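Reviewing the structure listed below.
What you see is a predicted model; the values in this text were computed from it and never measured. Excluded from the calculations below are hydrogen atoms, water molecules and symmetry mates; all remaining heavy atoms, backbone and side chain alike, are included. Sequential numbering from 1 along the given sequence is applied to the chain's residues.
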Amino acid sequence: MNYYIGLDLGTSGLKGLLVAQNGKIIKQAMAEYSVIYPQNGWSEQNPEDWLNAMKKVLRELSDGIEKGIKGISFGGQMHGLVVLDEYDRVIRPCILWNDGRTQKQTDYLNNVIGKEKLSSLTANIAFAGFTAPKLLWLREHEPDHFKRIAKIMLPKDYLAFMLTGVFSTDYSDASGTLLLDVKNKRWSKEMLAICGVTERQLPTLYESYEVTGKVKSEYNLPNAVVTAGAGDNAAAAIGTGTVGSGACNVSLGTSGTIFLSSDNFSVDEKNALHSFCHADGKWHLMGCILSAASARKWWLEDILGTCDYDADEREVAKASTEGLYFLPYLSGERSPHNDVNAKGAFIGLTAQTTKAQMSRAVMEGVAFALRDCLEVAKQNGVNPTYTNICGGGAKSGTWKQIVADVLGIPVHIPETEQGPAYGAAILAMVGCGEYATVEQATKRIIKFKQVIQPQNTTEYECKYCLYAKLYPALKTFY
């Protein structure tokens, strides 16, 4: 039996899965680390913490079967800026995907370079979380650090580099840098010039399932190779079988996404959705909201002071939210508003409003924000007939039903709800020849245990029409 390891480099921890060649999960491991908040709105992590977490997880997963591990791959948080000097030393902490310090640089790219120009070069416009604005910020505010840069990496690629010594990335993750010509799958020379960097400082590009190198001997995995891996959302899509035109996946992770797979390249004319490469070698459109499961965590743990999600679930299932709304813009918002200054809000509170109603409103607000993204996709002729679902928030049966009702389409529940780590393991299998293509692998491995049908579409259609008016009405207050 051959074994494969999928690693998911998340914001709060690194999760690993040991998976047999038939897709069966043999073992799981997890290592947590912290986020650094140097200033309000800033968000950083120490790459060495990721490295220590990876070493711990690999030891736990491979214990006793080191020679049976054939392949390793990654899913990882996107957009983070990791910079190394000529001696391969980390220059400064990684600036994360949810860091909001680059509004000035984002405005420069969108308004001076111009959205039309950016879209023509990269198929996307600038968002505060993307990598290119971070480079501009670093050049302006930390010029000594900027001058020392020899290698520019994304978070998961730092781990792959430490594992293999190969300086690489994949097309899906590179799509979120605003440095990649997504349509033609190459670094954009014009964008590199705008950011003041060279192609020599950037990693070699691979498809997510392509082998990039062999694991170094120090890790005691003598037969293991590494494939390029994917950005977390593309890896999660592989892990739920979201492959091929018309496939859709919703992720209720720290952030939330609606992922729309396509065999063909396309760009939303207003660039409200991201146009990225997919881990199956093709493309996808994606709407990303910055607060999903993290909004529920904020509400329960930080505001209500409880970690009893089960009790909240029981109360929410019976609650009604007529006239009550929640805007989930706790960290600003990306899709479709691209507004780093957007703020969260409860609207419609009365003296009779209950805790359970507010908890349910948080869930509904996240689903409505995803619906905002779906509406943009529909305007571009993309109209999925179902969606798969994954992420920590998808453990809630009530939330999954709300998503089905708000989006108005059935929600398919995979038998294995392991997100990016499972997708990464599948990519490793393809790279090692267990399956000929990603599509073949997902068709054979991914099974579904349940389909949740929409039940209250009329009620939620009315509620969404009102929700859609709230952000424009409140925007002037942000």
Side-chain angles (χ1 to χ4, degrees), residues 240 246-253 256-260 287 289 291-293 295-296 299-300 309-329 335-336 344-350 352-379 382-414 417 448-471 473:
T240 60
C248 178
N249 185 59
V250 164
S251 174
L252 295 176
T257 60
I258 184 163
F259 184 107
L260 301 148
I289 63 173
S291 298
R296 190 182 185 204
W299 171 243
L300 289 181
Y309 284 73
D310 291 338
D312 182 71
E313 177 84 5
R314 290 191 295 271
E315 293 176 2
V316 163
K318 298 178 287 186
S320 171
T321 57
E322 185 177 357
L324 180 63
Y325 295 87
F326 174 72
L327 298 183
Y329 310 141
S335 304
F346 281 104
I347 297 166
L349 294 170
T350 72
Q352 286 73 46
T353 300
T354 67
K355 178 183 69 174
Q357 289 174 321
M358 295 177 75
S359 290
R360 188 178 181 95
V362 170
M363 292 182 173
E364 291 177 350
V366 170
F368 286 139
L370 292 169
R371 171 71 182 269
D372 276 343
C373 299
L374 180 60
E375 289 303 306
V376 176
K378 288 179 179 179
Q379 292 167 15
V382 180
N383 197 358
T385 57
Y386 72 95
T387 185
N388 304 326
I389 197 166
C390 66
K395 294 176 182 177
S396 165
T398 301
W399 211 348
K400 287 183 283 196
Q401 185 64 61
I402 288 171
V403 169
D405 292 342
V406 170
L407 299 186
I409 54 179
V411 173
H412 294 194
I413 315 300
E417 297 180 55
F448 295 90
K449 61 184 179 183
Q450 183 185 8
V451 176
I452 298 177
Q453 297 291 343
Q455 295 178 355
N456 300 308
T457 53
T458 301
E459 174 188 342
Y460 276 108
E461 192 66 29
C462 294
K463 288 202 72 171
Y464 174 71
C465 289
L466 291 172
Y467 173 91
K469 298 176 182 179
L470 295 177
Y471 170 78

*Not counting sequence neighbours, list each pair that qualifies as a salt bridge (Lys or Arg N to Asp or Glu O under 4.0 Å) and has a residue in residues 389-407.*
none
Under the side chain to side chain donor-acceptor pair (under 3.5 Å) test, residues paired with [X] that sit two or more places apart:
X      : answer
Ser251 : none
Thr354 : Gln357
Asp312 : Arg296, Ser359

*Minimum side-chain heavy-atom gap Leu252-Ile389 below 4.5 Å*: yes
*asked:* Taking the side chain as everything from C-beta on, heavy atoms only, tell me whether Leu324 gets closer than 4.5 Å to Leu349.
replied: yes
Measuring from [X]:[atom1] to [Y]:[atom2], what's the distance to the nearest 0.5 Å?
X      : Y      : atom1 : atom2 : value
Leu327 : Tyr471 : CG    : OH    : 10.5 Å
Thr387 : Asn249 : OG1   : CG    : 5.5 Å
Lys318 : Thr398 : NZ    : OG1   : 11.0 Å
Leu470 : Tyr325 : CG    : OH    : 7.0 Å

*Please name all residues satisfying ring-ring contact (aromatic ring centres under 6.0 Å, His included) with Phe326, sequence neighbours left out, ordered by chain then number.*
Phe346
*Kindly write out the residues that satisfy ring-ring contact (aromatic ring centres under 6.0 Å, His included) with Trp399, not counting sequence neighbours, or none if the list is empty.*
none
Do side-chain atoms of [X] reach the backbone of [Y] as a donor and acceptor pair under 3.5 angstrom?
X      : Y      : value
Glu315 : Asp310 : no
Glu313 : Ser396 : no
Thr240 : Asn388 : no

*Pairing residues for Lys449 by the side-chain contact (heavy atoms from CB on, under 4.5 Å) criterion, not counting sequence neighbours*: Ile413, Glu415, Glu417
*Residues two or more places apart in sequence or in another chain: which of them pass side-chain contact (heavy atoms from CB on, under 4.5 Å) with Thr350?*
Gln352, Thr353
*Looking at Phe448 and His412, what are the two nearest heavy atoms and their distance?*
CD2-CB, 3.8 Å
*Nearest atoms (heavy-atom pairs only) where Thr457 meets Gly408*: CG2-CA, 4.0 Å
Would you give me the side-chain donor-acceptor pairs under 3.5 Å for residues 360-375, sequence neighbours excluded?
{"from": "Arg360", "atom 1": "NE", "to": "Glu364", "atom 2": "OE2", "distance (Å)": "3.2"}
{"from": "Arg360", "atom 1": "NH1", "to": "Val316", "atom 2": "O", "distance (Å)": "3.0"}
{"from": "Arg360", "atom 1": "NH2", "to": "Tyr460", "atom 2": "OH", "distance (Å)": "3.2"}
{"from": "Glu364", "atom 1": "OE1", "to": "Thr321", "atom 2": "OG1", "distance (Å)": "2.6"}
{"from": "Glu364", "atom 1": "OE1", "to": "Lys463", "atom 2": "NZ", "distance (Å)": "3.1"}
{"from": "Glu364", "atom 1": "OE2", "to": "Thr321", "atom 2": "OG1", "distance (Å)": "3.0"}
{"from": "Glu364", "atom 1": "OE2", "to": "Tyr460", "atom 2": "OH", "distance (Å)": "2.6"}
{"from": "Arg371", "atom 1": "NE", "to": "Glu375", "atom 2": "OE2", "distance (Å)": "2.6"}
{"from": "Arg371", "atom 1": "NH1", "to": "Val406", "atom 2": "O", "distance (Å)": "2.8"}
{"from": "Arg371", "atom 1": "NH1", "to": "Glu461", "atom 2": "OE1", "distance (Å)": "3.3"}
{"from": "Arg371", "atom 1": "NH2", "to": "Glu375", "atom 2": "OE2", "distance (Å)": "3.3"}
{"from": "Arg371", "atom 1": "NH2", "to": "Glu461", "atom 2": "OE1", "distance (Å)": "3.1"}
{"from": "Arg371", "atom 1": "NH2", "to": "Glu461", "atom 2": "OE2", "distance (Å)": "2.9"}
{"from": "Asp372", "atom 1": "OD1", "to": "Tyr464", "atom 2": "OH", "distance (Å)": "2.6"}

